[in-house]
A.B. asks: 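Before we start, here is the structure in question, set down as structure tokens.
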There are 2 protein chains.
Amino acid sequence: MLSKKTKYGIKALAFIASREDKKPVQTSEIAKSENISLKFLESILLSLRKSGFLGSKKGKGGGYYLIQEPEKIKMTSVVRVLEGPIAMVPCVSLNYYEKCDDCPDEATCSVHALMIQVRDSTLNVLGGNTLYDLARVKKKAQSD
Amino acid sequence: MLSKKTKYGIKALAFIASREDKKPVQTSEIAKSENISLKFLESILLSLRKSGFLGSKKGKGGGYYLIQEPEKIKMTSVVRVLEGPIAMVPCVSLNYYEKCDDCPDEATCSVHALMIQVRDSTLNVLGGNTLYDLARVKKKAQSD
DNA sequence: TATAAACCCTATCGGATTAGTAGGTTATTA
DNA sequence: TAATAACCTACTAATCCGATAGGGTTTATA
């Protein structure tokens, strides 16, 4: 299950990316438009800034803006920062590997083999989508 | 993240499926071999019996056995029973659908479109694997 | 230079879930 | 009838999640 943090974070990034201009977007505007608790969203955007996805501008007229082009931001990296491992089991995670307490040998583990397949197919999907793609879906739907 | 319940359940099913004979397998044997807490495993096997995957026999020489052929048991159904929804977000779940509180319209939701892709690719993998496949991995690895 | 806008930071908290533990009951078979 | 093994109920410790509270700091602009 995707946490709300991740879900809201993705929505917020897509919201910012779907803007034509490059002016900073206020947290309050995103919160209102996407029905997200303001305070909760604040903490999410903060962590997205700290992990290098967003820049910020303080004071009146400030807000958050994308640092990179939307086409360059793969959903794999977004999910990893917000949610953590993409794999469903730590022992098949590329970026957050952890050995299982049970399992003397991973080659003997039936779950391991299966979850590697799941991981790879998920990586394919997330790696094949960028923020640009998400923003396009959003804009397209709105213009209908 | 896969819960331990699901992980252990899959392991146990693969263990039973990898047996040559069709004699009942004791919970204690599985627990010892797979390093699972006996009591926890008991509750897992019980729920697998109640959902129609396993049969049981009480008393001496009793235990659990598969009701269907391993080739007929897709991992999609196993995961659904043990873990619940396969989708990462309830609003794209086929079997456990639930509308999001936020999201006035799913067509406008950037997360929705992405998670449908993830769901479908995961379904492909889990639907393409049966208990027979998992048991084969296990037996192959053990004979090496 | 005062004020309002907006980001920034820390702490806390209730509720839900998870992974187990404990202890007893029932059915089967040798 | 004694041993075995599934079955059932209840409890618990720990963790995490989603949010809330309550401020502090910085900056633009009138």
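The chains referred to below are lettered A, B, ... by the order of the sequence lines, with proteins before strands, and numbering in each begins at 1.
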A.B. asks: By the definition side-chain contact (heavy atoms from CB on, under 4.5 Å), identify the one residue from A:V78, A:I44, A:L131 that meets it with A:I10.
C.D. replies: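 Of all the options given, the one that passes is A:V78.
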
A.B. asks: Distance check: side-chain N/O of B:Y8 vs OP1/OP2 of C:dG20, anything under 4.0 Å?
C.D. replies: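 Looking at the OP1 and OP2 atoms of C:dG20, one of them is under 4.0 Å from a side-chain N or O of B:Y8.
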
A.B. asks: Can you measure B:I44 atom CD1 to C:dG20 atom P for me and round it to whole angstrom units?
C.D. replies: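 Computing the B:I44:CD1 to C:dG20:P distance gives 8 Å.
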
A.B. asks: Of all heavy-atom pairs between A:E71 and A:T130, which one has the smallest distance, and what is that distance?
C.D. replies: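 The answer is O-CG2, 3.3 Å.
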
A.B. asks: Check whether any side-chain N or O of A:S3 sits under 4.0 Å from OP1 or OP2 of D:dC16, and answer yes or no.
C.D. replies: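 For A:S3, the contact criterion (side-chain N or O under 4.0 Å from OP1 or OP2 of D:dC16) is not met.
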
A.B. asks: Whole angstroms only, please: what is the CG-P distance between B:L38 and C:dA19?
C.D. replies: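 Answer to the nearest Å: 17 Å.
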
A.B. asks: Looking at DNA chain C, which of residues 78-91 of chain B put a heavy atom within less than 4.0 Å of it?
C.D. replies: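 The stretch gives none, as no residue of it lies under 4.0 Å from the strand.
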
A.B. asks: Toward the 5' end of DNA chain D, which comes first, A:G61 or A:F40, by nearest nucleotide?
C.D. replies: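 Mapping each residue to its closest nucleotide by heavy atoms, the 5'-most match is A:F40.
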
A.B. asks: Distance check needed: D:dC16 P versus B:M1 CE, whole Å only.
C.D. replies: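 In whole Å, D:dC16 P and B:M1 CE are 12 Å from each other.
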
A.B. asks: Considering the options B:D105, B:V92, B:V89, which one meets the side-chain contact (heavy atoms from CB on, under 4.5 Å) requirement together with B:H112?
C.D. replies: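 Only one option passes, and that is B:V92.
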
A.B. asks: Enter the distance from A:S121:OG to A:L126:CG here, rounded to the nearest 0.5 Å.
C.D. replies: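 The OG atom of A:S121 sits 9.5 Å away from the CG atom of A:L126.
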
A.B. asks: When you check the phosphate oxygens OP1 and OP2 of D:dT20, does a side-chain N or O of A:S37 lie under 4.0 Å from one of them?
C.D. replies: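 A:S37 to D:dT20 OP1/OP2: side-chain N or O found under 4.0 Å.
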
A.B. asks: Expressed as a whole number of angstroms, how long is the span from B:R49:CZ to D:dA5:P?
C.D. replies: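 After rounding, the reported distance stands at 18 Å.
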
A.B. asks: Is the closest basic N to carboxylate O distance between B:E34 and B:K4 below 4.0 Å?
C.D. replies: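 Salt bridge absent between B:E34 and B:K4.
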
A.B. asks: Taking the side chain as every heavy atom from C-beta outward, state whether A:K5 and A:S43 have any pair of such atoms under 4.5 Å apart.
C.D. replies: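 When only atoms from C-beta onward are counted, A:S43 and A:K5 do not touch, as no gap falls below 4.5 Å.
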
A.B. asks: When you measure from the side chain of B:K50, which nucleotide among C:dC8, D:dC8, D:dT20 comes out closest?
C.D. replies: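 Taking heavy atoms from C-beta onward, the closest nucleotide is D:dC8.
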
A.B. asks: Atom CD1 of A:I16 and atom OH of A:Y64: how far apart are they, to the nearest 0.5 Å?
C.D. replies: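 Between atom CD1 of A:I16 and atom OH of A:Y64 there are 9.0 Å.
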
A.B. asks: Rounded off to whole Å, could you give me the NZ-to-C1' distance for the A:K58 and C:dC8 pair?
C.D. replies: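 So the two atoms are 6 Å apart, to the nearest Å.
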
A.B. asks: Report the distance from atom OH of B:Y64 to atom C1' of D:dC7, rounded to the nearest whole Å.
C.D. replies: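 Those two atoms, OH and C1', are 7 Å apart.
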
A.B. asks: Going by heavy atoms in the side chains, are B:R19 and B:Y65 under 4.5 Å from each other?
C.D. replies: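 Not touching, per the 4.5 Å side-chain cut-off.
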
A.B. asks: May I have the distance from B:I36 (atom CD1) to C:dG20 (atom P), rounded to whole angstrom?
C.D. replies: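 Taking atom P of C:dG20 as the reference, CD1 of B:I36 is at 10 Å.
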
A.B. asks: Consider the side chain of B:K39, meaning its heavy atoms from C-beta on, and name the nucleotide among C:dC7, D:dT4, D:dC7 that approaches it most closely.
C.D. replies: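 Minimum distance to the B:K39 side chain belongs to D:dC7.
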
A.B. asks: Under 4.0 Å from OP1 or OP2 of C:dC7: is there any side-chain N or O of A:T27 that close?
C.D. replies: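 Yes, within the criterion.
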
A.B. asks: Looking for any heavy atom pair under 4.0 Å, which part of the strands does B:S43 touch: base, sugar-phosphate only, or nothing?
C.D. replies: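 B:S43: no heavy atom of the nucleic acid under 4.0 Å.
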
A.B. asks: Taking for each residue the nucleotide of DNA chain D bearing the nearest heavy atom, is the 5' side occupied by A:K4 or by A:E42?
C.D. replies: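 On the 5' side of the pair lies A:K4.
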
A.B. asks: Which listed nucleotide (C:dA5, D:dC7, C:dA30) is nearest to the side chain of B:K60?
C.D. replies: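 Minimum distance to the B:K60 side chain belongs to C:dA30.
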
A.B. asks: Expressed in angstrom and rounded to an integer, what is the separation of B:L41 atom CG from D:dA5 atom P?
C.D. replies: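 About 14 Å, once rounded to whole Å.
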
